[in-house]
Asks: 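The structure is given below, and queries will be raised subsequently.
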Amino acid sequence: MSPDHPPGLDLDRLRVLLDRERPGLVTGPLSGRLIEGGRSNLTYAVSDGAARWVVRRPPLGHVLATAHDMRREHRVIDALHPTDVPVPRPVLLCEDEEVLGAPFYVMEFVEGTPFRTAEQLAPLGPERTRAAVLNLVDTLVGLHAVDPAEAGLADFGRPDGFLDRQLRRWAKQLDASRNRDLAGIDELHATLGRELPRSPAPTVVHGDYRLDNVLIGGENDEIRAILDWEMSTLGDPLTDLGLLAMYSSPLGMADSPVSTTAQAPGHPAPAELIERYATRSGRDVSGVAWYTAFAWFKLAVILEGIHYRYTLGQTVGRGFDRIGDLVPVFIEHGLTTLQKG
């Protein structure tokens with residue numbers, strides 16, 4: 001297919017749907033392109049020459065519908081759009097698989113940059129980088145301040161037993177990709193299980209909150225939109241904070257195949273981000289070490305799954321041959337985080 005007609009996006013059928021459901025929205029022929037760097041779901045930019053939108057759909061040939069639930073993604077951004085939480089304006093949800101071969105939704109296109117590496121942040125300079133990352137924390141505080149019931153999300157998840165289910169889920173994922181010994185991984189999992197904290201009142205949880213899942217733009221480098229809501233639910237808000245702290249920690253591994261922004265000049269240290277969250281939210285973060293260690297464990301499991309598929313020849317591409325070397329680094333960081341508290 002041509003670049004304007006990427007796989008998984010039938011522009012003719014999409015145009016028919018939009019003309020029927022949103023008359024007058026589209027004023028010219030549609031073109032589309034796949035936005036690189038997305039996660040498991042596919043993201044396309046679509047334009048009629050005058051306006052732009054974004055289409056989100058599951059990957060081609062997907063199997064696990066629950067892992068690519070377009071209804072949930074659309075529901076959460078639709079619920080949050082009237083609040084102060086920056087999300088794209090939802091346009092349409094389509095559950096008719098005859099249109100694109102899978103359920104999908106359309107939302108407005110938001111201008112902005114998802115900063116994925118320290119090298120991308122470097123041109124901003126230390127002061128702007130620091131401000132952008134601190135704003136990331138403030139935006140998270142705003143998300144966690146939303147009353148789920150008032151936003152129509154009271155039944156968006158099952159917060160009771162949330163941490164226990166999360167720990168069991170990722171342990172199950174680990175067992176599904178075990179084909180080598182990983183020193184310390186079982187110790188990390190067992191310690192997390194023994195020291196399971198008592199969760200605060202549940203909030204809307206993003207599930208993958210980090211700098212490259214938001215769009216930053218404008219003269220003041222404001223956060224214009226939070227993206228990639230596929231892991232969102234109701235649960236323990238400190239899981240978002242722990243993940244953000246993890247992604248703000250230097251890996252201590254040269255030429256890492258997993259990029260972080262922590263080495264960018266001006267990037268605040270995890271301790272400062274945690275303190276700012278505590279001050280702005282009023283929440284007790286004294287147990288945040290557990291949540292950060294859990295984030296290291298979760299990413300170790302995800303990376304091991306990628307390494308496992310690579311060894312089977314199911315994943316090809318640049319950097320995948322080095323993913324396996326990174327897993328012990330994440331395990332060690334998790335154990336160290338728990339030991340230091």
Side-chain angles (χ1 to χ4, degrees), residues 1-23 25-78 81 87-114 116 173 206-208 210 212-215 225-232 302 305-306 308-310 312-320 323:
M1 302 183 76
S2 71
D4 283 347
H5 294 79
L9 182 66
D10 188 317
L11 292 171
D12 294 331
R13 290 185 176 181
L14 178 63
R15 174 67 187 269
V16 170
L17 174 74
L18 291 174
D19 285 346
R20 183 179 71 240
E21 300 294 332
R22 299 291 185 270
L25 179 70
V26 181
T27 59
L30 290 178
S31 62
R33 63 177 177 85
L34 181 67
I35 299 177
E36 300 293 340
R39 301 302 165 218
S40 58
N41 289 324
L42 299 177
T43 307
Y44 307 87
V46 175
S47 175
D48 64 355
R52 286 184 291 176
W53 304 274
V54 168
V55 174
R56 285 270 287 178
R57 60 152 293 160
L60 303 179
H62 75 287
V63 177
L64 298 176
T66 55
H68 310 285
D69 192 337
M70 296 295 99
R71 182 190 293 123
R72 283 184 64 83
E73 275 200 48
H74 179 270
R75 181 184 175 188
V76 72
I77 66 169
D78 189 48
H81 188 256
V87 293
R89 178 178 59 85
V91 174
L92 176 144
L93 170 68
C94 178
E95 299 183 82
D96 181 0
E97 297 190 12
E98 294 297 318
V99 181
L100 297 186
F104 68 95
Y105 69 91
V106 182
M107 59 185 173
E108 70 172 336
F109 183 95
V110 179
E111 288 280 4
T113 302
R116 295 189 170 92
Q173 289 285 100
H206 181 272
D208 197 16
R210 48 184 169 161
D212 64 333
N213 273 341
V214 303
L215 295 175
I226 306 173
L227 306 176
D228 287 357
W229 291 89
E230 60 195 87
M231 299 181 72
S232 60
I302 291 172
I306 295 172
Y308 175 69
R309 291 189 293 275
Y310 172 77
L312 297 178
Q314 298 175 353
T315 303
V316 295
R318 183 180 178 184
F320 286 115
I323 290 290

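For the numbers below, each heavy atom of this structure counts, side chains included, while hydrogens, waters and symmetry mates do not. The model shown is predicted, which means the values in this text are computed figures rather than measured ones.
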Asks: If you take all heavy atoms of Ser232 and Arg72, which pair is closest and at what distance?
Replies: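 Closest approach of Ser232 to Arg72, heavy atoms only: O-NH2, 2.8 Å.
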
Asks: Suppose we screen for side chain to side chain donor-acceptor pair (under 3.5 Å). Which residues come up paired with Glu95, at least two apart in sequence or across chains?
Replies: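 Glu95: side chain to side chain donor-acceptor pair (under 3.5 Å) contacts with Arg71.
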
Asks: Quick one, Leu18 and Trp53 - any side-chain contact, counting heavy atoms below 4.5 Å?
Replies: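 Side chain of Leu18 against side chain of Trp53, heavy atoms only: no contact under 4.5 Å found.
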
Asks: Which heavy-atom pair separates Gly112 from Pro114 by the least distance, and what is that distance?
Replies: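 Looks like O-CD, 4.0 Å.
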
Asks: Going by the rule side chain to side chain donor-acceptor pair (under 3.5 Å), which residues pair with Tyr44 if we only count those two or more places apart in sequence or in a different chain?
Replies: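 Tyr44: no side chain to side chain donor-acceptor pair (under 3.5 Å) contacts found.
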
Asks: Nearest 0.5 Å please: distance from the CD1 atom of Ile323 over to the CD1 atom of Ile302.
Replies: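 Between Ile323 CD1 and Ile302 CD1, I get 11.0 Å after rounding to 0.5 Å.
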
Asks: Using the test ring pair (Phe, Tyr, Trp, His ring centres under 6.0 Å), find all partners of His206 that sit at least two apart in sequence or belong to another chain.
Replies: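 Listed in chain order: Tyr209, Trp229.
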
Asks: Is any side-chain heavy atom of Met70 less than 4.5 Å from a side-chain heavy atom of Asn41?
Replies: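 Sidechains of Asn41 and Met70: in contact.
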
Asks: How close do Leu100 and Val55 get, counting heavy atoms only, and between which atoms?
Replies: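 Shortest heavy-atom separation between Leu100 and Val55 comes out as CD1-CG1, 4.2 Å.
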
Asks: Would you name the heavy atoms of Leu215 and Val110 that are closest together and state the gap between them?
Replies: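 Scanning both residues, the minimum pair turns out to be CD1-O, 3.3 Å.
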
Asks: Mind checking whether Leu42 and Pro58 have side chains closer than 4.5 Å, heavy atoms only?
Replies: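 Contact flag for Leu42/Pro58 side chains = no.
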
Asks: Among Arg56, Arg75, Arg57, which residue meets the salt bridge (charged side-chain N to carboxylate O under 4.0 Å, His left out) test with Glu230?
Replies: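 In the set Arg56, Arg75, Arg57, the residue that makes a salt bridge (charged side-chain N to carboxylate O under 4.0 Å, His left out) with Glu230 is Arg56.
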
Asks: Atom CG in Leu227, atom CD1 in Ile77: separation rounded to 0.5 Å?
Replies: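 One finds 9.5 Å between CG of Leu227 and CD1 of Ile77.
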
Asks: Partners of Arg15 by side chain to side chain donor-acceptor pair (under 3.5 Å), sequence neighbours excluded?
Replies: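 Per chain and number, Arg15 pairs via side chain to side chain donor-acceptor pair (under 3.5 Å) with Asp19.
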
Asks: Do Leu312 and Tyr308 have side chains that get closer than 4.5 Å, going by heavy atoms?
Replies: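 Sidechains of Tyr308 and Leu312: in contact.
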
Asks: If we ignore hydrogens and angles and just use 3.5 Å, is the side chain of Asn213 paired with the main-chain N or O of Asp208 as donor and acceptor?
Replies: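 It does hold such a pair.
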
Asks: Check Val99 against Cys94 and note the closest heavy-atom contact, atom names and distance.
Replies: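 Closest approach of Val99 to Cys94: CG2-SG, 3.8 Å.
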
Asks: Do the side chains of Leu92 and Leu17 get nearer than 4.5 Å, heavy atoms only?
Replies: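 A side-chain contact exists here, since the closest heavy-atom pair is under 4.5 Å.
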
Asks: Do Val46 and Phe109 come within less than 4.5 Å of each other through their side chains, counting heavy atoms only?
Replies: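 No. Closest side-chain heavy atoms not under 4.5 Å.
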
Asks: Who are the salt bridge (charged side-chain N to carboxylate O under 4.0 Å, His left out) partners of Glu108, not counting sequence neighbours?
Replies: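 Expected list: none.
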
Asks: If you look at every heavy atom in Leu34 and Pro6, which pair is closest and at what distance?
Replies: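 For Leu34 and Pro6, the tightest heavy-atom pair comes out as N-CG, 4.1 Å.
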
Asks: Among residues at least two apart in sequence or on other chains, which ones pass side chain to side chain donor-acceptor pair (under 3.5 Å) with Arg52?
Replies: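 Arg52 satisfies side chain to side chain donor-acceptor pair (under 3.5 Å) with Glu111 only.
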
Asks: Distance from Phe104 atom CZ to Glu73 atom CD, nearest 0.5 Å?
Replies: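 These two atoms lie 13.5 Å from each other.
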
